[in-house]
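Quick caveat, the model's predicted, so the values are computed rather than measured.
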Amino acid sequence: MPTPLWEALVRHVAARPVPWHVPGHKMGRGAPPDLIRWLGAGLKLDLTELPGLDDLHQPEGPIAEAQVLVAQTFGADESFFLVGGSTVGNIAMLLATCEPGETVLIARNVHRSVISGLMLAGASALVVAPDWEYDLGVPGGIRVETVARILGAHPEIRTVLVTSPTYHGVCSDLASLAEEVHRRGGLLLVDEAHGGHFPFVQGSPPGALASGADAVVQSWHKTMGSLTQSAVLHLRGNRVDRQRIRESLATVQSSSPSYLLMASLDLARQWMQNEGGRRLDSVVQTLAQVREELDAVPGVDVLTAERARRAGGVGLDPARLTLGVVGSRGTGIEWGEALRRRGIWPELEEPTAVTFVAGPGDDSRIIGRLVKGLQDVAMEIGGVGEPAEGRRGSRVFPGTEAAEWAALLQELWHSEEGQDLIRPRLARKVRWVPLGKALGLQAARAVIPYPPGIPMLLPGERIRPLHNELIRMGRSMGVRLVGMPSDEEVVAVTEEGRE
């Protein structure tokens with residue numbers, strides 16, 4: 001299968017050109033020695049917009065051809081390379097589809113980039129809470145009946161943006177969501193950053209494009225072998241203005257895009273169509289067997305497709321393994337630390353769970369090492385016995401901070417205040433206030449456990465006691481909170497404390 005951009009780069013290098021243009025390392029000859037040592041010949045491909053290599057912001061040659069091949073592979077009407085990750089894709093989707101002052105319906109578990117997009121577009125957001133997987137203490141899917149109820153009460157909303165699959169792997173019923181939103185004349189935008197591999201893996205839930213979404217963002221570097229920060233934005237149908245998408249992308253993407261990132265997307269598409277997809281499919285078949293084995297480990301609950309469906313989803317990302325640890329004596333952060341001591345590095349560790357992501361580079365030996373590591377950590381940390389029913393139906397284990405964190409997070413997301421209208425703005429005047437004195441004031445900056453990058457406190461949101469409890473508990477458990485100083489217990493609020 002052709003790789004037009006990659007082939008154009010190789011032809012250019014093979015001609016042995018003498019570069020009197022940027023970048024200044026001159027195809028690697030003037031790069032720092034350590035870069036030459038580690039990247040070697042790859043530096044020759046770090047090029048710029050030259051005759052024959054096309055221009056990302058007005059593609060007419062190999063970049064245009066490569067993007068057409070992507071669209072054909074994924075069933076899109078048009079696809080665009082992204083060199084700033086899904087972040088720029090999410091921002092561009094909102095810039096292209098929202099007017100200043102407009103209200104967008106967003107899921108509470110959106111990535112921080114969605115909030116940035118709302119800020120730049122001058123839009124507001126009404127927040128819908130996902131369902132909850134109570135055994136594991138992680139969010140689930142967005143139920144179509146919940147969205148229908150909100151849209152019925154707010155007919156002015158015409159844009160809905162959800163994340164599917166979630167960071168933990170839960171996939172929402174996008175086909176039903178698309179049908180409901182389109183019936184009301186609206187748009188469905190999907191942050192599918194973690195689901196680009198679905199068309200290549202048997203047993204995957206239907207992807208966003210196949211389900212009828214209008215615009216979809218995917219981070220191919222997560223599971224498809226492209227370089228970090230490379231991603232793709234797809235459009236399908238005529239509901240989204242394509243020219244506005246192009247202008248929005250030109251606004252938020254670099255005018256000097258990395259040809260290494262774009263070439264890696266070109267190659268990743270071909271790789272997944274050929275060998276990579278088959279290899280990843282084999283890996284996820286092994287993971288399916290491993291889930292059953294790990295479900296018997298003391299203190300561990302495995303997120304399965306059945307549990308995902310009970311939590312408002314239609315299925316589970318088969319390349320993702322999420323283990324709930326609220327039934328153990330340690331938090332997910334402590335599990336992560338114990339695993340790293342054994343040379344195993346998870347994708348995500350948080351108070352209630354640990355998540356692992358598979359890729360085409362994994363195999364049965366690597367998976368076996370993960371299983372052995374988890375069994376050893378379970379022996380070290382261990383379980384605490386049978387659960388007791390807690391508030392809101394969550395499983396609360398006596399003496400576990402993780403269970404209390406899960407209960408508080410559920411309460412925050414599902415309370416009426418947690419689903420209020422918010423107006424995130426780039427506040428011109430900000431002051432820092434001690435956490436205990438910030439109650440009732442309006443947050444100027446998000447507070448975000450990172451990863452996964454899902455805001456705990458949203459800009460424009462009123463600060464409530466639940467926020468304070470979660471922030472303090474997160475700090476005590478070692479959660480990395482972006483948006484507030486690491487050595488002070490203060491939060492940013494608008495100078496007046498109100499809009």
Side-chain angles (χ1 to χ4, degrees), residues 87 90-91 106-120 124-130 137-139 163 166-168 191 331-333 348-353 401-402 404-499:
T87 290
N90 285 333
I91 293 172
I106 65 170
R108 178 82 203 196
N109 59 334
V110 294
H111 188 261
R112 60 188 296 187
S113 58
V114 172
I115 306 303
S116 299
L118 292 170
M119 286 181 171
L120 294 173
S124 300
L126 197 63
V127 181
V128 56
V138 298
T163 301
T166 66
Y167 211 123
H168 302 99
D191 178 355
T331 66
I333 295 168
L348 168 65
E349 53 206 72
E350 56 189 329
T352 60
E401 287 182 301
E404 182 63 14
W405 169 275
L408 289 172
L409 202 57
Q410 293 163 33
E411 191 174 331
L412 172 69
W413 285 16
H414 289 271
S415 64
E416 290 185 11
E417 299 96 324
Q419 300 176 61
D420 279 347
L421 178 73
I422 62 167
R423 296 181 175 85
R425 298 291 183 265
L426 288 168
R428 294 184 178 181
K429 295 182 179 180
V430 172
R431 61 192 175 101
W432 292 91
V433 175
L435 195 58
K437 296 182 179 180
L439 295 178
L441 300 182
Q442 186 186 63
R445 295 182 185 172
V447 175
I448 308 167
Y450 213 92
I454 298 168
M456 177 194 302
L457 174 64
L458 298 166
E461 193 171 20
R462 296 289 172 187
I463 299 171
R464 294 181 284 137
L466 276 171
H467 292 122
N468 290 6
E469 285 187 73
L470 281 162
I471 289 171
R472 285 177 172 147
M473 183 175 291
R475 278 270 178 88
S476 71
M477 288 189 286
V479 177
R480 179 171 175 254
L481 297 176
V482 174
M484 58 188 301
S486 58
D487 57 344
E488 293 184 74
E489 209 170 69
V490 294
V491 289
V493 301
T494 56
E495 188 172 73
E496 303 83 5
R498 58 182 184 278
E499 296 177 18

If you compare all heavy atoms of [X] against all heavy atoms of [Y], which two are closest, and at what distance to 0.1 Å?
X	Y	answer
Ala443	Leu458	CB-O, 3.6 Å
Thr494	Ala444	N-CB, 3.7 Å
Arg445	Trp432	NH1-CZ2, 3.2 Å
Val138	Ala353	CG1-CB, 3.9 Å
Gly436	Asn468	CA-ND2, 4.3 Å
Arg108	Pro455	NH2-O, 4.3 Å

Can you list the residues that meet the side-chain contact (heavy atoms from CB on, under 4.5 Å) rule with [X], with sequence neighbours excluded?
X	result
Leu426	Met119, Leu120
Ala129	Trp413, His414, Gln419
Pro465	Leu439
Ala438	Val433, Ile463, Val491

For residues [X] and [Y], determine if any side-chain heavy atom of one lies less than 4.5 Å from a side-chain heavy atom of the other.
X	Y	value
Pro459	Ile115	yes
Thr331	Glu350	no
His168	Leu348	yes
Arg475	Leu481	yes
Met456	Ile448	no
Val447	His467	no
Ile106	Leu118	yes
Thr166	Ile454	no

*Report the C-alpha separation of Arg480 and Ser486 in whole Å, then their side-chain angles, then the decisive distance to 0.1 Å, and conclude whether the side-chain hydrogen bond (donor to acceptor under 3.5 Å, both in side chains) test is met.*
CA-CA 8 Å; Arg480 179 171 175 254; Ser486 58; over 6 Å; no

*Side-chain donor or acceptor of Gln410 paired with backbone N/O of Ala406 under 3.5 Å*: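 Confirmed, Gln410 side chain pairs with Ala406 backbone.
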
*Begin with the C-alpha distance, continue with both residues' side-chain angles, and end with the deciding distance and a verdict on side-chain contact (heavy atoms from CB on, under 4.5 Å) for Leu435 and Val490.*
CA-CA 5 Å; Leu435 195 58; Val490 294; over 6 Å; no

*Distance in Å, Ile422 CD1 paired with Leu126 CG, rounded so as to fall on 0.5 Å steps*: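 Going from the CD1 atom of Ile422 to the CG atom of Leu126 covers 9.0 Å.
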
*asked:* As an exercise, state the distance from CE of Met484 to CD of Glu488, rounded to the nearest 0.5 Å.
replied: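 It comes to 9.0 Å.
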
_The criterion is side chain to side chain donor-acceptor pair (under 3.5 Å); which residues satisfy it with Arg472, sequence neighbours excluded?_
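Glu489.
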
*Not counting sequence neighbours, which residues clear side chain to side chain donor-acceptor pair (under 3.5 Å) with Ser113? List them please.*
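Counting only residues at least two positions away or on another chain, Ser113 forms a side chain to side chain donor-acceptor pair (under 3.5 Å) with Asn90, His111.
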
*Can Arg462 and Gln442 be said to form a side-chain contact (heavy atoms from CB on, under 4.5 Å), step by step?*
CA-CA 5 Å; Arg462 296 289 172 187; Gln442 186 186 63; 3.6 Å; yes

